[in-house]
Asker: 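One structure follows; several queries about it will come next.
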Amino acid sequence: MAFDQPAPVVVYRSNEAGVLPASSQASKTRLFASVTLAVLLLVVIVVVTARQDEPETSGTAVQLGEVMTQELWGKRRRRTSSWSRHVPEHNVFAQPRDERDWRNWSKKTTKKMLKRLVKKTAKFKKTLRSLKRSAQRLSKKAGKPGPKGPDGEDGPRGFDGEQGPKGSPGSNGPPGPTGPDGPPGPKGARGAEGAPGPAGEPGAAGAQGHVGAGGPRGPPGPPGPPGAAGPRGAPPPPPPPPPPEFTLSGKIESATDGSVVSGVEVQVLDGTRVAASTTASGGRYSVRVARGSYTIKIVNRAYSTFNEHVTVTGNVEYNCMVSPALPAGKMRIILTWGAAPRDADSWLSCPTGCTIYYGRSNCDGGKVTLDRDVTSGHGPETITIHQMVAGQYQYFIKNYSGERSLSGASVAVYFGDSAVQHFVAGRDGRLVGSGRSEQWQVFSIDGRTGAVTAA
């Protein structure tokens with residue numbers, strides 16, 4: 001919103017030199033205005049004097065500027081200005097060719113004009129200095145300042161200032177008085193039925209009823225005296241002899257390093273538990289069982305669950321290889337065989353192109369490792385897949401020493417904490433070649449799902 005502002009009120013004060021404005025800024029402004037007016041007056045005097053002295057050559061500032069421009073830039077302009085065409089006495093181009101010596105004329109005239117301008121400027125400066133000295137003398141002769149004038153009227157109200165910042169919140173006020181009691185609430189629902197009261201006193205005896213029908217037959221009487229003893233019978237046949245028992249024993253070893261495992265329970269099952277034994281410090285177990293087919297089961301938190309089938313027709317020595325427990329997602333492959341061939345080798349071809357065997361015990365930066373390589377029969381040889389990658393893994397066995405066929409060798413696959421599959425050479429997969437060129441192509445693994453498929 002705009003307000004009409006009155007003219008500013010200048011307050012004067014007195015001092016020894018005379019009456020001066022209170023604001024130094026106002027004094028500077030007036031001095032600048034005076035100098036500017038004097039300079040403008042000087043320019044007007046110079047222009048009027050030039051026109052009076054040489055009307056036939058200079059004409060106006062336009063004609064002089066055109067001549068100076070031609071001299072400074074060295075251009076001969078044939079075209080005349082609009083002013084020179086309408087003022088014949090100042091149009092040098094309208095003169096005859098032999099009388100138009102405009103180049104010498106313009107240089108001479110220009111020099112005259114510049115000299116006159118310098119003289120008049122010096123004269124004007126001298127006049128200004130004389131005026132300044134006169135003003136100083138007058139200010140020294142000035143009388144004492146008059147009394148202070150009356151105060152001016154109050155100016156109009158200024159504009160509203162910007163809104164200040166929001167103040168901090170006030171403290172909580174005291175609590176109000178307690179309000180009056182509210183109206184009574186609606187009637188509550190009916191309560192649950194109460195417990196039954198105590199029984200009342202028995203009533204008076206009723207009248208005697210009619211005679212009932214006859215009751216059931218009573219129990220038999222006591223037995224009579226025993227009769228005479230009969231002749232003695234024949235003796236019973238003797239019980240059949242118990243079936244013969246055999247010893248099922250063996251040693252429990254770790255599949256990764258071949259060390260004996262003590263303190264684990266070995267259970268022998270035929271659907272139900274038949275016998276059990278705990279391995280001693282040498283890792284051995286021993287139970288007595290009858291002829292038949294059984295499952296050997298080893299359960300221990302530190303090892304993956306072990307299940308193997310064994311047939312007992314006499315005393316049997318059955319060694320077991322247990323796999324240390326694996327975290328979820330890891331897989332271990334364990335190869336075992338008999339005394340011959342002396343050296344059987346595990347091979348695993350990975351999706352990345354790397355192959356694990358006795359000459360390379362590490363693939364894919366430790367994602368696949370050969371934990372144990374045995375060259376003296378029985379095994380175990382162990383390969384662990386610590387981290388699977390997408391693609392197909394191929395597992396196969398080579399008969400390195402070649403003394404005997406790989407038939408009868410077995411492979412157990414552990415995934416996590418339990419065995420998922422067992423493979424037996426000659427029954428599962430394919431046996432190709434013979435001697436040292438014999439191979440048992442066992443299975444493939446899908447690296448994305450972990451599925452194991454026989455070859």
Side-chain angles (χ1 to χ4, degrees), residues 238-326 331-342 344 346 371-372 374 376-382 384 404 406-428 442 452:
E245 289 187 343
F246 304 97
T247 300
L248 174 60
S249 61
K251 185 167 60 174
I252 309 300
E253 296 179 347
S254 172
T256 56
D257 57 10
S259 60
V260 295
V261 179
S262 59
V264 297
E265 185 183 30
V266 180
Q267 300 176 4
V268 180
L269 312 174
D270 64 350
T272 60
R273 179 170 173 168
V274 176
S277 174
T278 301
T279 57
S281 59
R284 293 195 61 81
Y285 73 97
S286 178
V287 293
R288 296 284 293 176
V289 293
R291 185 190 306 268
S293 295
Y294 300 95
T295 299
I296 298 178
K297 183 175 183 179
I298 301 174
V299 179
N300 189 280
R301 288 185 178 180
Y303 297 92
S304 300
T305 303
F306 178 88
N307 287 284
E308 286 286 349
H309 297 284
V310 61
T311 300
V312 177
T313 58
N315 294 333
V316 177
E317 178 77 11
Y318 194 85
N319 298 327
C320 303
M321 298 291 176
V322 292
S323 170
L326 289 170
M331 181 176 287
R332 180 167 289 141
I333 306 167
I334 302 173
L335 166 66
T336 57
W337 68 96
R342 177 176 50 82
S346 298
D371 302 321
R372 190 181 183 200
V374 177
S376 58
H378 300 288
E381 286 205 0
T382 306
T384 301
R404 188 177 174 182
L406 290 168
S407 179
S410 65
V411 174
V413 181
Y414 290 85
F415 194 53
D417 61 352
S418 61
V420 292
Q421 270 177 296
H422 287 83
F423 299 88
V424 178
R427 185 192 72 184
D428 304 307
V442 190
V452 179

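Please read all numbers here as calculations on a predicted model, not as lab measurements. The chain is numbered in sequence order, starting from 1.
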Asker: Output, in order, the C-alpha distance, side-chain angles, deciding distance and verdict of side-chain contact (heavy atoms from CB on, under 4.5 Å) for Val299 and Phe306.
Answerer: CA-CA 7 Å; Val299 179; Phe306 178 88; over 6 Å; no
Asker: Give me the atom names and distance for the closest heavy-atom approach of Ala409 to Leu335.
Answerer: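 For Ala409 and Leu335, the tightest heavy-atom pair comes out as CB-CD1, 4.3 Å.
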Asker: Quick test of your reading: applying salt bridge (charged side-chain N to carboxylate O under 4.0 Å, His left out), list the pairs with at least one residue in residues 308-322, sequence neighbours left out, ordered by first then second residue.
Answerer: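 As it turns out, the salt bridge (charged side-chain N to carboxylate O under 4.0 Å, His left out) pairs with a partner in residues 308-322, which skip direct neighbours, are Arg284-Glu317.
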Asker: Report the residues that fulfil side-chain contact (heavy atoms from CB on, under 4.5 Å) with Phe423, sequence neighbours left out, ordered by chain and then residue number.
Answerer: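 By the side-chain contact (heavy atoms from CB on, under 4.5 Å) rule, Phe423 matches Val411, Val413, Gln421, Asp428, Trp440, Val442, Phe443, Val452, Ala454.
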Asker: Any luck finding a side-chain donor-acceptor pair between Ser249 and Thr247 under 3.5 Å?
Answerer: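 Short answer, no.
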Asker: Between Asp270 and Thr272, does the side-chain contact (heavy atoms from CB on, under 4.5 Å) criterion hold? Intermediate values first, please.
Answerer: CA-CA 5 Å; Asp270 64 350; Thr272 60; 3.5 Å; yes
Asker: Mind checking what makes side chain to side chain donor-acceptor pair (under 3.5 Å) contact with Ser259, not counting sequence neighbours?
Answerer: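 Only Asp257 meet the side chain to side chain donor-acceptor pair (under 3.5 Å) criterion with Ser259.
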Asker: Is there a side-chain contact (heavy atoms from CB on, under 4.5 Å) between Val424 and His422? Walk through the geometry before answering.
Answerer: CA-CA 7 Å; Val424 178; His422 287 83; 5.8 Å; no
Asker: Compile the donor-acceptor pairs under 3.5 Å between side chains in residues 261-269 and protein atoms, sequence neighbours left out, one pair per line.
Answerer:
from	atom 1	to	atom 2	distance (Å)
Glu265	OE1	Gln267	NE2	3.4
Glu265	OE2	Arg273	NH2	2.9

Asker: What pairs with Tyr303 under ring pair (Phe, Tyr, Trp, His ring centres under 6.0 Å), at least two apart in sequence or on another chain?
Answerer: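 Ring pair (Phe, Tyr, Trp, His ring centres under 6.0 Å) list for Tyr303, sorted by chain: empty.
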Asker: Where the side chain of Arg332 meets the backbone of Tyr414, is there a donor-acceptor pair that is under 3.5 Å apart?
Answerer: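 Judged by distance alone, no pair lies under 3.5 Å.
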Asker: Is it the case that the side chain of Asn319 and the backbone of Lys251 share a donor-acceptor pair, with hydrogens and angles ignored and the cut-off at 3.5 Å?
Answerer: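 Yes, Asn319 side chain to Lys251 backbone: donor-acceptor pair under 3.5 Å.
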Asker: For Val316, enumerate each residue passing the side-chain contact (heavy atoms from CB on, under 4.5 Å) test, keeping only those at least two apart in sequence or located in another chain.
Answerer: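 By the side-chain contact (heavy atoms from CB on, under 4.5 Å) rule, Val316 matches Leu248, Val310, Val312, Tyr318.
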Asker: Kindly write out the residues that satisfy side chain to side chain donor-acceptor pair (under 3.5 Å) with Thr279, not counting sequence neighbours, or none if the list is empty.
Answerer: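 In terms of side chain to side chain donor-acceptor pair (under 3.5 Å), with neighbours along the sequence ignored, Thr279 is linked to no residue.
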Asker: Sequence neighbours left out, what passes side-chain contact (heavy atoms from CB on, under 4.5 Å) with Arg342? Give chain and number order.
Answerer: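 Checked Arg342 against side-chain contact (heavy atoms from CB on, under 4.5 Å); matches are Ser401, Glu403.
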Asker: With Asn300, which residues qualify under side chain to side chain donor-acceptor pair (under 3.5 Å), at least two apart?
Answerer: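 Scan of Asn300 (side chain to side chain donor-acceptor pair (under 3.5 Å), adjacent residues dropped) gives none.
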Asker: Once you round to the nearest 0.5 Å, how far does CD1 of Ile298 lie from OG of Ser304?
Answerer: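 Reported to 0.5 Å precision, the distance equals 11.5 Å.
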Asker: A side-chain contact here means heavy atoms from C-beta on lying under 4.5 Å apart; do Pro324 and Ser254 qualify?
Answerer: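 With C-beta onward as the side chain, the pair touches.
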Asker: Between Thr382 and Thr256, is the side-chain hydrogen bond (donor to acceptor under 3.5 Å, both in side chains) condition met? List the steps.
Answerer: CA-CA 6 Å; Thr382 306; Thr256 56; over 6 Å; no
Asker: Under the criterion side-chain contact (heavy atoms from CB on, under 4.5 Å), I'd like the reasoning laid out for Tyr294 against Val274: C-alpha separation, chi angles, the key distance, then a yes or no.
Answerer: CA-CA 9 Å; Tyr294 300 95; Val274 176; 4.2 Å; yes
Asker: Which residues pass the salt bridge (Lys or Arg N to Asp or Glu O under 4.0 Å) test with Arg427, sequence neighbours left out?
Answerer: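 Partners of Arg427 under the salt bridge (Lys or Arg N to Asp or Glu O under 4.0 Å) test: none.
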Asker: Taking all heavy atoms of Ser277 and all of Val287, pick out the closest pair and write down the distance.
Answerer: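 Taking every non-hydrogen atom into account, CB-CG1, 3.6 Å.
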Asker: Mind listing the closest non-hydrogen atom pair of Val260 and Ser281 along with its distance?
Answerer: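 Looks like CG2-O, 4.0 Å.
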Asker: Only counting residues at least two apart or in another chain, list the ones meeting side chain to side chain donor-acceptor pair (under 3.5 Å) with Thr295.
Answerer: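 For Thr295, the residues satisfying side chain to side chain donor-acceptor pair (under 3.5 Å) (neighbours in sequence not counted) are His309.
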Asker: Can you sort out the partners of Arg372 under salt bridge (Lys or Arg N to Asp or Glu O under 4.0 Å), two or more places apart, ordered by chain and number?
Answerer: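 Not a single residue meets the salt bridge (Lys or Arg N to Asp or Glu O under 4.0 Å) criterion with Arg372.
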Asker: To the nearest 0.5 Å, how far apart are OG in Ser323 and CD1 in Ile334?
Answerer: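 Rounded to the nearest 0.5 Å, the OG-CD1 separation comes out at 4.5 Å.
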Asker: Is it the case that the side chain of Glu381 and the backbone of Ser346 share a donor-acceptor pair, with hydrogens and angles ignored and the cut-off at 3.5 Å?
Answerer: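 A pair under 3.5 Å: yes.
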Asker: Is the closest side-chain heavy-atom distance between Ile296 and Cys320 below 4.5 Å?
Answerer: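 Ile296 reaches Cys320 side chain to side chain.
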